[in-house]
Amino acid sequence: MEMRQLGRTDMIVGTLGFGGAEIGFEGVEPETVNRMLNSALDSGLNLIDTAECYENSEQLIGRAVAHRRSEFYLLTKCGHSDGWTRSNWSQTALLTSIRRSLTRLRTDYVDVIQLHSCSEEVLRKGAAIGALLKAKENGYTRYCGYSGDGRAALYAINSGVFDVIQLSINIADQEAVETLMPIAVSRHLGIIAKRSIANAIWKESARPPSSYDQPYWYRLNELSYPFIMKSLAFAVATALQFTLSVPGVHSALVGTSKESRWQENRAMLDANKMSAEEFAAIRSRWKEISKGRWRSEI
């Protein structure tokens, strides 16, 4: 698997990372997570990302691979210690949450702690950023990160505080390619793509019930990329290759609850590379259809 240096950090990461949301929200059995993550580590995985609000994702990851901590980079997020719908950005709450994450993950430190989709207003107030800097001072994390989109992400990028930025970048969400990526690249930030295959939501023939998935479903129906009409494996490979072809992206996160899926995705990446012409065609289609209507959401 191709390796890339994560911005100005000392981390050399694989282009395919593991996103921990799915294993938490879908109630995957611990034994399944154990087999899945250990086999992925054996196959070259070295970047695992999660969050304290992904149900029991942190606990599952800690139980499965804490004994191999030196073999991978570990990232988590803070700000929603009582679940995604309830945020708390006070310094005390964030530091408490970070310490709890370390306990759950069975580690003394994470490589990156990220503020999880807080607003520009929260960032400007300073308490949340102060909590991350305190966490770094205390040795809880080696680097500070921000996960989010739009104006808040722009503020985070320009603040000079963060080492790593996690952005929504995929075939159905390309706003950041023009508005955020050039600035983040110029500041030598580590850039991780979240939602990197647009949740593969095109496979749903009817509108999905989740409001989280619906915007991408509507967009992809309008975009009508020819490749999403082919096999699911081909479409996923093309979508993933597009995200990793965006200049400046260092790694793309893909979550799964299926034991062999990470290796399958890696094999697809190893087998094919996207040509400049293919990349340009997807970008051109996006510009033609979106016409500035579609915004990334934090």
Side-chain angles (χ1 to χ4, degrees), residues 1-7 13-17 19 47 147-151 153-154 157 164-204 213-255 264-297:
M1 180 169 57
E2 182 185 354
M3 309 297 285
R4 299 176 180 176
Q5 183 161 356
L6 190 60
V13 299
T15 51
L16 181 61
L47 178 66
S147 176
D149 297 299
R151 290 181 58 86
L154 179 61
I157 290 168
V164 176
I165 297 290
Q166 193 174 138
L167 303 169
S168 298
I169 302 171
N170 58 61
I171 57 171
D173 202 340
Q174 299 179 39
E175 182 189 21
V177 177
E178 297 173 351
T179 60
L180 300 177
M181 290 294 295
I183 306 170
V185 170
S186 72
R187 292 183 175 275
H188 308 290
L189 299 185
I191 302 170
I192 297 173
K194 61 179 179 175
R195 307 182 76 180
S196 60
I197 57 172
N199 307 338
I201 201 62
W202 64 83
K203 68 182 184 294
E204 304 293 341
D213 291 321
Q214 286 176 11
Y216 283 1
W217 188 83
Y218 283 119
R219 291 180 189 185
L220 288 168
N221 272 280
E222 285 194 58
L223 289 162
S224 297
Y225 295 119
F227 64 85
I228 65 176
M229 304 305 294
K230 299 184 179 181
S231 72
L232 180 60
F234 181 85
V236 168
T238 303
L240 192 51
Q241 289 160 9
F242 169 80
T243 298
L244 286 169
S245 296
V246 172
V249 170
H250 299 116
S251 188
L253 300 176
V254 178
E264 292 167 2
N265 288 338
R266 176 189 167 168
M268 290 188 297
L269 283 178
D270 290 345
N272 300 288
K273 299 295 181 184
M274 178 166 283
S275 69
E277 291 75 18
E278 291 172 314
F279 179 80
I282 293 173
R283 289 287 292 130
S284 177
R285 182 65 176 168
W286 164 267
K287 293 175 183 177
E288 176 190 354
I289 301 301
S290 71
K291 297 177 181 177
R293 293 178 295 149
W294 297 331
R295 296 284 183 261
S296 298
E297 299 177 2

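Ala193 and Thr243 get closest at one heavy-atom pair: CB-CG2, 3.4 Å. Across all non-hydrogen atoms, the minimal contact from Leu240 to Ala252 is CD1-CB, 3.9 Å. Across all their heavy atoms, Ser245 and Met274 have their closest contact at OG-CB, 3.8 Å. Here the closest heavy-atom approach between residue Asp173 and residue Ser168 is recorded as OD2-CB, 3.4 Å. Smallest separation of non-hydrogen atoms from Val185 and Pro247: CG2-O, 4.1 Å. When all heavy atoms are compared, the tightest approach of Ile197 to Asn170 is N-CB, 4.4 Å.
In this structure a side-chain-to-backbone donor-acceptor pair under 3.5 Å is present from Ser224 to Asn221. The backbone N or O of Glu204 lies less than 3.5 Å from a partner atom in the side chain of Trp217, making a donor-acceptor pair. Proximity of a side-chain donor or acceptor of Ser284 to a complementary backbone N or O of Ala281 within less than 3.5 Å is not detected. Formation of a donor-acceptor pair under 3.5 Å by the Tyr225 side chain with backbone atoms of Ala239 is not found in this model. Looking at Ser290, its side chain never comes within 3.5 Å of a backbone N or O of Arg293 through a donor-acceptor pair. Put simply, the side chain of His250 gets close to the backbone of Ile191: a donor and an acceptor are under 3.5 Å apart. With Arg187 contributing its side chain and Pro182 its backbone, the two residues share no donor-acceptor pair below 3.5 Å. Using a distance-only test at 3.5 Å, with no hydrogens or angles considered, a donor-acceptor pair links the side chain of Arg285 to the main chain of Leu223.
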Under the side chain to side chain contact (heavy atoms under 4.5 Å, CB included) criterion, do Leu16 and Glu2 qualify, and how do the steps go?
CA-CA 9 Å; Leu16 181 61; Glu2 182 185 354; over 6 Å; no

For a side chain to side chain contact (heavy atoms under 4.5 Å, CB included) check, start with the C-alpha distance between Met3 and Thr15, then their side-chain angles and the critical distance, and finish with the verdict.
CA-CA 6 Å; Met3 309 297 285; Thr15 51; over 6 Å; no

Would Ile169 and Arg195 count as a side chain to side chain contact (heavy atoms under 4.5 Å, CB included) if you check the C-alpha gap in whole Å, the side-chain angles of each, and the deciding distance to 0.1 Å?
CA-CA 7 Å; Ile169 302 171; Arg195 307 182 76 180; over 6 Å; no

Apply side chain to side chain contact (heavy atoms under 4.5 Å, CB included) to Leu189 and Val164, showing your working.
CA-CA 5 Å; Leu189 299 185; Val164 176; over 6 Å; no

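Ser296 OG to Arg151 CZ: the interatomic distance, rounded to the nearest 0.5 Å, is 14.0 Å. Remark: Ser251 OG to Ile192 CD1 distance equals 6.0 Å, nearest 0.5 Å. Going from atom CE of Met1 over to atom CG of Leu269 covers 8.5 Å, rounded to the nearest 0.5 Å. For the atom pair CZ of Arg219 and CD of Gln174, the computed distance is 10.0 Å after rounding to the nearest 0.5 Å. The CD atom of Glu175 sits 12.5 Å away from atom CH2 of Trp294, with the distance rounded to the nearest 0.5 Å. Separating the CD1 atom in Ile201 from the OH atom in Tyr216 is a distance of 11.0 Å, to the nearest 0.5 Å.
Salt-bridge annotation for Arg283 and Glu178: present, with a side-chain N of the basic residue lying under 4.0 Å from a carboxylate O of the acidic one. A salt bridge links Lys194 and Asp149; the closest N-O separation between the charged side-chain nitrogens and carboxylate oxygens is under 4.0 Å.
For the pair Lys230 and Phe234, the cation sits on the ring face: its NZ or CZ lies under 6.0 Å from the ring centre, inside 45° of the axis.
Side-chain rings of Phe279 and Phe242 approach one another, their centers coming within less than 6.0 Å.
Side-chain contact between Leu232 and Trp202 is present, with at least one heavy-atom pair separated by less than 4.5 Å. You'll find the side chain of Val177 stays beyond 4.5 Å of the side chain of Trp286, heavy atoms only. Residues Ile157 and Leu180 have side chains in contact (heavy-atom distance under 4.5 Å, counting atoms from C-beta outward).
Under the 3.5 Å distance criterion, with hydrogens and angles disregarded, no donor-acceptor pair is assigned to the side chains of Gln241 and Thr238.
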